[in-house]
Amino acid sequence: MKINKVIGYQVLDSRGRPTVAAAISLTDGSVHTARVPSGASTGKHEAKELRDTGSKFAESFYGGLSVAQAVANINEKIAPKLVEEQIDLNLVDAQLIELDPSADHSSLGANATLAVSLAASLATAHSQNKSLARYFSPDGPLQIPMPMVNILSGGAHANRTMDIQDILVVPVGAKTFTQALSWIVAIREMAAKLGKEDGKVTNLIADEGGLAISFTSIEKACEFVVTAIEKVGLSVGSQVSLALDIAATQFYDGNNYNLSTMGKSYNRSEYLQFIKSLVSNQPIISIEDPFAEDDWQSWQEFSSQMPAKLQLLGDDLLTTNLDRLNRAIAEKSANAILIKPNQNGLVSATLNVLKQARANNFNTVVSARSGESEDSWLADLATGWSAGQIKVGSTHGSERNAKWNRLLEFEATENTKFLNPFN
Ligand code: PGA
Ligand code: ZN
């Protein structure tokens, strides 16, 4: 089957900011569309999304965040190269690399390349009469990932109500994804209720659908979530554990980690002690970005001293980038990687990062961004790639629930296995 048309256009993400969509039409008349997500606490080493700020495309509306240049790159540079070619994800990605050999996709824009690469993966799966998940995982049960779900939000997603970005829960004792999600919704609703009773702000919903509640310490925020878990009748540790996304780059000034809502500023060694006591005092099974994106030394030190079972997850540190992952493997800086397709810019290269991580015994967590769309391809990728874990935000907002609902659909309609990397 061949590519008939490739069209790029601008749409809005869940924050109301412009993002890139690409539609690939095939010779059988079918159309395959994908929309690209976008981060707010973006890592410095991510592939480069093109925004129109300062360019000839800049519009007065959208505050310079429009993506007309990336869209023009799809329509004027990518489309002519792909039309009349066979539809095949790997061929499309190879053509995109030929057009823009830069490592960070800065010439075409990673938002342009990823939109086309995602649409190409959907179209390729269709050409083989498969779902995207089944295209990557044709045989045996589909491997549904363990969800890691946002209950409380702070940092760049919630006007810095807390210094750290997220307190999440992982339903490690759930037997099915359906059960896991029902537990999480109950915990989130209980947390909202407790927040109201305490007179804390609960009407403010953060970018990823979590509750934006102020706390004077990270411990207090953890204890609040623990109480919510217990009040719904679940046991902490054996059924539901905590995970943190610290997003520490956001409060590191190059010398000190400044936890301003706690009124604390720590130098590197004080901060390392602080993180060590946090993970030993709270029921935390996974900690993401506890140190800044280029503070490799702290990552390595912590990794050599932390509890053996803790998942140390690199997001801004690794940015779904093969070179940075290889450094982390060599230096033992982490034992898990967040996989965000738009940090990388191509679907096939994102999969290669995931495979390299798995080959080196890293856990893999496929992740959405804080700016998302109604698309559900992320759930197909996490499942088809047998990633083991998925992180989408909370259970509020259809851009989040589109992914959860896709996983519920798999469990209801397919032969599936619910993965638990924490067993
Ligand atoms: P972002 O946040 O999409 O704003 O980068 C998500 C995360 O840090 O995991
Ligand atoms: Zn993160």
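Whatever order the structure lists ligands and atoms in, that order sets their numbers, starting from 1.
Under 4.0 Å is where a charged nitrogen must lie from a carboxylate oxygen, and between Glu189 and Lys193 no such pair does. Between Arg35 and Asp13, none of the side-chain N atoms (NZ, or NE/NH1/NH2) sits under 4.0 Å from a carboxylate O, so this pair counts as no salt bridge. A salt bridge does not link Lys264 with Glu270: none of the charged nitrogens is closer than 4.0 Å to a carboxylate oxygen. Salt-bridge annotation for Glu288 and Lys391: present, with a side-chain N of the basic residue lying under 4.0 Å from a carboxylate O of the acidic one. Ion pairing between a basic and an acidic side chain is recognised when a charged N comes within 4.0 Å of a carboxylate O; Glu46 and Lys340 show no such pairing. A salt bridge links Glu409 with Arg406: at least one charged nitrogen is closer than 4.0 Å to a carboxylate oxygen.
Near Glu288, the atoms of ligand 1 lying under 4.0 angstrom from a non-hydrogen atom of the residue are 9 (O). Less than 4.0 angstrom separates some heavy atom of Asp315 from each of these atoms of ligand 1: 7 (C), 8 (O), 9 (O). Of all the atoms in ligand 1, the ones that sit under 4.0 Å from a non-hydrogen atom of Gly39 are 1 (P), 3 (O), 4 (O), 5 (O).
The shortest N/O to N/O separation between Lys391 and ligand 1 falls below 3.5 Å. At least one N/O-N/O distance between Arg369 and ligand 1 falls below 3.5 Å. For the pair Ala40 and ligand 1, the shortest N or O to N or O distance falls below 3.5 Å. Below 3.5 Å of separation, one finds an N or O of Gln165 facing an N or O of ligand 1. Polar contact with ligand 1: present for Asp245 (N/O pair, distance under 3.5 Å). Residue-to-ligand polar distances keep Arg15 apart from ligand 1: every N/O pair is separated by 3.5 Å or more.
The aromatic rings of Tyr266 and Tyr271 are tilted relative to each other, their planes meeting at an angle between 30° and 60°.
Geometry note: the Zn ion (ligand 2) is the vertex, Glu288 OE2 and Asp315 OD2 are the arms, and the angle is 100° (rounded to 10 degrees).
Looking from atom 6 (C) of ligand 1 to the surrounding protein, the closest heavy atom is Lys340 NZ, 3.4 Å. The shortest contact between atom 1 (P) of ligand 1 and any protein heavy atom is with Ser370 OG, 3.5 Å. Nearest to atom 2 (O) of ligand 1 among the protein's heavy atoms is His157 CE1, 3.1 Å.
Asp245 lies close to the Zn ion (ligand 2), since one of its N, O or S atoms is found at a distance under 2.8 Å.
Residue-level proximity to ligand 1 for Asp207 is absent, since no heavy atom of it falls below 4.0 angstrom. At a heavy-atom distance under 4.0 Å, only side-chain atoms of Leu338, from C-beta outward, approach ligand 1.
With Thr19 contributing its side chain and Val11 its backbone, the two residues share no donor-acceptor pair below 3.5 Å.
Between the side chains of Asn321 and Thr319, no donor-acceptor pair is found at a separation under 3.5 Å.
Within the structure, the closest approach of Ala247 to ligand 1 does not fall below 4.0 Å when heavy atoms are considered.
Counting non-hydrogen atoms of neighbouring residues, nucleotides and ligands closer than 6.0 angstrom, the CG atom of Asn281 exceeds 12 such neighbours. Applying the 6.0 Å contact sphere to CZ of Phe422 captures more than 12 heavy atoms from other residues, nucleotides or ligands.
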